[in-house]
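Notes follow the structure.
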Amino acid sequence: MGKSTPPLPVAPPAADDGPLQRVAVAVATPQHSGLQGALDYLGKRPLAPGTLVRAPLGRREVLGVVWPQPAASDAAAPEPGALRELIDVFDALPPLPAAWCELVAFAAGYYQRSVGELALAVLPPELRKLSGVQLARRLARLRARLVTPGGEPPALPEPSAEQAAALQALATQAEPGVTLLHGSTGSGKTEVYLREAERVVAAGRQALVLVPEINLTPQLEARFIERFPGRRVVSLHSGLTPARRLQHWLLALLGEADLVLGTRMAVFAPLPRCGLIVVDEEHDPSYKQQEGARYSARDLAVVRGRLEGVPVLLGSATPSLETWHNAQPAADGGAGRYRRLSLHARIGGGALPAVRLVDMSRIPREQQRVTPLAAPLLAALQQRLARGEQSLVFLNRRGYAPVLHCTECSWKSDCPHCSAWRVFHKVDRTLRCHHCGFSERVPRACPSCGNPDIQPLGRGTERLEEQLASALPGARVARIDADTTRRSGALEAELARMHAGEVDVLVGTQMIAKGHDFRRVTLVAAINPDAALFSSDFRGPERLFALLMQAAGRAGRDAQQAAGAEMWVQTWHPQHALYAALRAHDYVSFAQTQIDERRSAGLPPHAHLALLRADARSQPVAQAWLQAVADAAQALAAQEQVTIYPPVPLSVQRVADVERAQMLLESASRPALQRFLAAWHAVLQERRPESKGVLRWAVDVDPLAI
Ligand code: ADP
Ligand code: ZN
Ligand code: ZN
């Protein structure tokens with residue numbers, strides 16, 4: 001079943017005469033230049049907001065977006081002499097939808113960036129290289145090659161009673177709104193997204209599906225493509241070539257793509273007929289951009305839904321506490337903003353894996369030195385091996401060992417440029433800094449005293465792989481982490497080996513804990529996850545719980561083997577409440593305890609945070625600047641009831657010879673914090689950071705890590 005391709009819109013030929021008109025254009029002006037809005041230019045005719053143009057900026061020629069004219073600036077008469085003329089207009093392309101401009105304007109205001117910087121950062125980079133004529137040619141080629149998607153209708157699973165109830169609730173909701181779909185891994189959430197998307201697409205609308213990291217789950221993309229025969233499914237993520245990314249983006253904007261599946265950047269995909277936004281694994285930290293405009297794609301998806309009047313579906317087995325709070329009814333102390341639908345049972349009736357805790361304090365030291373695996377866990381792995389089942393062993397630290405040390409003196413393999421150790425990578429015998437990238441061959445002897453006996457301390461995945469291979473003779477051990485998957489295609493190849501049953505034990509970082517649907521895995525082990533229990537970041541336990549629940553969800557996905565599935569955790573704190581909740585697979589009570597703790601500590605979701613970060617050559621310089629801008633805002637902070645905490649160094653305070661400091665801001669009211677930040681912006685710019693020796697500063701609103 002195909003559909004006809006509508007002709008591309010053809011713009012009327014440009015009239016080259018007539019009086020010049022003033023046009024506001026968003027161009028990528030740096031935040032620090034103080035230009036918050038769009039710049040004024042002269043055009044030969046009126047241009048619709050959202051039209052892409054090329055404009056002069058200083059001595060350069062840049063891409064820009066015609067911006068909705070703010071009412072206030074109409075009063076000021078254009079001074080043609082002072083304004084510069086646009087260079088090119090991308091006539092062949094329909095203007096970006098008004099809702100796109102609104103979302104960008106909102107995000108720029110909320111995350112304290114200029115509209116132009118944000119707009120240009122979220123457009124496909126390839127656009128910047130093209131002239132109007134070149135883009136028109138690309139469009140013509142794209143259109144000529146556009147074939148009606150084929151595909152056979154798939155063998156559809158009948159929705160379970162819980163899925164049917166959720167679908168019914170979604171189909172009959174009175175207003176679009178936000179829905180949290182809470183259900184453990186394998187409870188059939190993705191099936192609900194697929195059905196909802198099918199309904200929306202059948203009604204002639206486009207569906208937007210956000211996922212944390214597409215390259216980790218190529219399976220998911222295949223599942224979507226298979227489920228939409230005769231429809232066009234495109235992906236948007238950083239793994240695409242620039243040309244391909246532009247092509248997919250164009251298909252979205254032209255309305256040719258029925259379904260857009262993408263990572264956080266896709267929240268800005270221009271969709272003229274958007275009818276649904278899904279955010280899968282909504283708790284995943286990768287939805288937060290960590291540089292430039294530090295936006296949360298999950299939060300912007302909610303805003304976008306409101307702006308466009310379309311429903312938003314957030315799905316997770318372990319929702320972020322912010323989302324959980326929003327989805328708790330007011331009667332239960334929640335915010336009651338979102339609707340909540342739950343899927344309790346695993347599809348096929350399988351049970352979640354039994355959780356086994358190994359108390360490491362009872363394992364003799366000598367034994368720990370020989371093998372990282374406690375005897376009972378080793379026996380369980382051997383049992384899986386004998387039965388031809390697969391196991392995942394998860395350790396969140398790559399490399400061979402986090403540090404090398406000298407057995408004679410106190411030398412350790414620290415990084416000369418960072419306040420961090422360099423990690424020992426045995427495969428190429430290097431010491432590598434994971435913060436700045438500084439890398440050297442391992443020295444033959446201690447650089448400090450000449451002792452040839454330098455030894456690894458602790459372990460990473462590389463060493464664990466080696467130790468597992470020797471502890472399990474005959475087992476086929478493989479490893480997936482950022483080091484083994486750097487080469488393009490390597491991850492896919494390793495995953496394929498795993499799916500084909502050519503691997504018995506897969507070792508890896510959190511990359512292996514994410515959404516993979518490994519059918520033969522019946523044992524998952526976390527080797528040493530305790531650090532996050534006592535992390536300086538208040539979200540440490542929340543993160544750890546989500547990660548362990550997600551890891552547990554990799555075991556027993558095949559209902560026939562689910563009965564024997566196990567999740568093992570080696571811990572020094574088996575009595576910790578987090579592990580008790582994990583054993584019971586009880587997200588709800590874990591979340592409640594955490595939310596109560598956050599309430600008494602004045603932390604999100606009961607308070608709203610922002611960070612101001614400053615980088616300088618020395619820690620005192622960075623902190624002094626932060627203190628100065630805090631002092632300058634005392635009256636404002638008092639008025640808005642925003643608390644400004646003293647500047648502190650970051651936990652890794654020096655990276656690449658740059659000292660990093662930050663200052664936390666907290667408020668019980670989000671609007672008050674927003675008003676404060678907006679007013680504070682001028683102060684930040686006035687205090688000329690460059691003149692004070694500050695290299696960079698950045699505001700992070702709703703920071704994920706503090
Ligand atoms: P989740 O997204 O919650 O992890 P999925 O939607 O991926 O769950 O479902 C888990 C597995 O169960 C998948 O293999 C999926 O194809 C299958 N599945 C989902 N819903 C049904 C159903 N109603 N009937 C049969 N199989 C189903
Ligand atoms: Zn030494
Ligand atoms: Zn370094």
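Keep in mind that what you see is a predicted model, and the values were worked out from it rather than measured. Position 1 is the first residue of the sequence, and the numbers go up from there. As the structure lists them, so they are numbered: ligands from 1, and atoms in each ligand from 1.
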Quiz prompt | Arg298 and Ser320: side chain donor to acceptor below 3.5 Å | solution = yes

(Q) Taking CZ in Arg486 as the centre, count heavy atoms belonging to other residues, nucleotides or ligands within less than 6.0 Å. Is the count above 12? (A) yes

Quick look: Gln550 vs ligand 1, heavy-atom contacts under 4.0 Å, and the answer is neither

Metal site the Zn ion (ligand 3): N/O/S of Cys415 inside 2.8 Å:
yes

Within the 4.0 Å heavy-atom cut-off, what Val192 brings close to ligand 1 is neither

Quiz item: Does some side-chain heavy atom of Leu392 sit less than 4.5 Å from a side-chain heavy atom of Met498?
Solution: yes

> Between His237 and His248, is the gap from one ring center to the other below 6.0 Å?
Replying inline: no

Any protein N, O or S atom under 2.8 Å from the Zn ion (ligand 2)? Found Cys406 SG, Cys409 SG, Cys446 SG, Cys449 SG

Heavy-atom proximity to atom 4 (O) of ligand 1 ranks first, among Ala164, Ala161, Gly186, Pro159, for Gly186

When distances are taken from atom 20 (N) of ligand 1, the protein heavy atom at minimum range is Gln163 NE2, 3.0 Å

Logged contact type for Ser187 with ligand 1, heavy-atom cut-off 4.0 Å, is both

inquiry  = Would you say that Phe590 contacts Ile595 through its side chain, given a criterion of any heavy-atom pair below 4.5 Å between the two side chains?
reply    = no

The SG(Cys433)-the Zn ion (ligand 3)-SG(Cys418) angle, to 10°, is 110°

SG (Cys436) and NE2 (His417) are apart, to the nearest 0.5 Å, by 6.0 Å

Within the 4.0 Å heavy-atom cut-off, what Glu158 brings close to ligand 1 is backbone

If we number the atoms of ligand 1 from 1 as shown, the ones under 4.0 Å from a heavy atom of Asp517 are 14 (O)

- Message: Please tell me whether Glu659 and Gln653 have a donor and an acceptor in their side chains that are separated by less than 3.5 angstrom.
- Response: yes

Next item on the list: Verify the distance criterion only: is there a donor paired with an acceptor across the side chains of Asn451 and Thr407 at less than 3.5 Å?
Entry: yes

Closest to atom 15 (C) of ligand 1 among protein heavy atoms sits Arg223 NH2, 3.6 Å

Protein heavy-atom contact under 4.0 Å for atom 22 (C) of ligand 1? yes

Within the 4.0 Å heavy-atom cut-off, what Thr190 brings close to ligand 1 is both

So, regarding Glu191 and ligand 1 (criterion: nitrogen or oxygen to nitrogen or oxygen, under 3.5 Å), is there a contact or not? yes

* Asked: Quick one: do the Asp453 and Gln455 side chains pair a donor with an acceptor below 3.5 Å?
  -> yes

| message | If I apply the N/O under 3.5 Å rule, does Gly188 come out as touching ligand 1? | response | yes

Notebook entry, point to check: With a 4.5 Å heavy-atom cut-off, do Leu313 and Leu170 have their side chains touching?
Noted result: yes

The closest protein heavy-atom partner of atom 27 (C) of ligand 1 is Ile347 CG2, 3.4 Å

Cationic N near anionic O, under 4.0 Å, Asp483 to Arg432
yes

min-distance protein heavy atom vs atom 24 (N) of ligand 1 -> Pro157 CB, 3.4 Å

* Is any NZ, NE, NH1 or NH2 atom of the basic residue among Glu213 and Lys514 found under 4.0 Å from an Asp or Glu carboxylate oxygen of the other? -> yes

- Query: Has His434 got an N/O/S atom less than 2.8 Å from the Zn ion (ligand 3)?
  - Reply: no

If we number the atoms of ligand 1 from 1 as shown, the ones under 4.0 Å from a heavy atom of Ser160 are 23 (N)

Salt bridge check, Glu389 against Arg519: does any charged N sit closer than 4.0 Å to a carboxylate O? no

Heavy-atom proximity to atom 14 (O) of ligand 1 ranks first, among Arg195, Lys189, Arg519, Arg346, for Arg519

(message) Between Thr522 and Arg384, is there a side-chain donor-acceptor contact under 3.5 Å, judged purely by atom types and distance?
(response) yes

Quiz prompt | Residue His417, metal the Zn ion (ligand 3), N/O/S under 2.8 Å | solution = no

Under 4.0 Å between heavy atoms, the region of Ser184 that gets near ligand 1 turns out to be backbone

Inset, instruction - Using a strict cut-off of less than 4.0 Å between a Lys/Arg side-chain nitrogen and an Asp/Glu carboxylate oxygen, indicate whether Asp258 and Arg232 qualify as a salt bridge. - result: no

Can you see whether Trp568 engages Glu566 through a side-chain donor-acceptor pair at a distance of less than 3.5 angstrom?
yes

